[in-house]
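First the structure, in the form of C-alpha cells, and then the observations on it.
Excluded from the calculations below are hydrogen atoms, water molecules and symmetry mates; all remaining heavy atoms, backbone and side chain alike, are included.
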Amino acid sequence: VWYQKGVRPRGVRQQGFASAHLFGAVCPERCLGVALALPEVSTAAMTLFLAELAAAVPAGTHALLVLDRAGWHVSPDLAVPANLTLVHLPSYSPELNPVENVWLYLRERWLSHRVLAGGYEAVVDAACAAWNALRAEPGRLRSLTSHSWLPQPVRTS
C-alpha cells in the first residue's frame, strides 16, 4: 500500500477473534475425507471425531489413522472405535503426516487473510465451506495426501 511517509494507512482490521478447529481424516486411495469443525481441541473432541470417522468407514473395513503425538491423540482416556487403529508418528515430524498438506492447502486457498464478520459461526461456516470446496476438486485429496511410504490397502477376498 502506498501512503504518505510517516503516517499509517487506514485499513480494515479485526479487533476480536474466534477460533474453530477442524478435525479431519483422508483416505488417499478412495479420495474421500471426513471432517468436523469443533470449538476446542481436547480428548473429548477427538473421541467425538473418531466416532464420526468410524461411522464413515465402510462395513467390514479397518482404517489406519496416522497422527502426531498431540496430547489429545495419545490420551489414555481416548475412546478408539474397533474399526480404527491409531498410528503415531515420531515426535517432531509433522512433515510425515499426510493430512498436514491438506491443512496447508486449506489455509493457502480459502482461510488465510480473511476478516469474518459474525464471530464463531462465521469461522465455522468458512472452515466448512473450505473443506467442501476441497472435497469438490476431483483428485485433490489424493494428490495432497498420497505418500510412497504409506502402506498400500490390503484387500481380502
- Message: Using a 4.5 Å cut-off between side-chain heavy atoms of Ile, Leu, Val, Met, Phe, Trp and Tyr, which other residues end up in the same hydrophobic cluster as Val34?
- Response: Phe23, Leu36, Leu38, Val41, Met46, Leu48, Phe49, Leu50, Leu53, Val57, Leu65, Leu67, Trp72, Leu78, Val80, Leu84, Leu86
- Message: Connecting only ILVMFWY residues whose side-chain heavy atoms lie within less than 4.5 Å of each other, what is the rest of Tyr92's hydrophobic cluster?
- Response: none
Output all residues satisfying side chain to side chain contact (heavy atoms under 4.5 Å, CB included) with [X], sequence neighbours left out; order by chain, then residue number.
{"X": "Val87", "answer": "Leu64"}
{"X": "Pro90", "answer": "Ser93, Leu96"}
{"X": "Val123", "answer": "Ala18, Ala20, Leu116"}

- Message: Please enumerate all residues that pass side-chain hydrogen bond (donor to acceptor under 3.5 Å, both in side chains) together with Ser19, with sequence neighbours excluded.
- Response: none
- Task: Quick one: list whatever passes salt bridge (charged side-chain N to carboxylate O under 4.0 Å, His left out) with Glu121, sequence neighbours left out.
- Result: none
- What pairs with Trp103 under ring-ring contact (aromatic ring centres under 6.0 Å, His included), at least two apart in sequence or on another chain? none
How would you list all residue pairs meeting salt bridge (charged side-chain N to carboxylate O under 4.0 Å, His left out) that involve [range], not counting sequence neighbours?
{"range": "residues 122-145", "result": "Glu137-Arg140"}
{"range": "residues 18-27", "result": "none"}
{"range": "residues 59-87", "result": "none"}

- Message: Test: side-chain hydrogen bond (donor to acceptor under 3.5 Å, both in side chains). Region: residues 58-67. Which pairs qualify, not counting sequence neighbours?
- Response: His62-Thr85
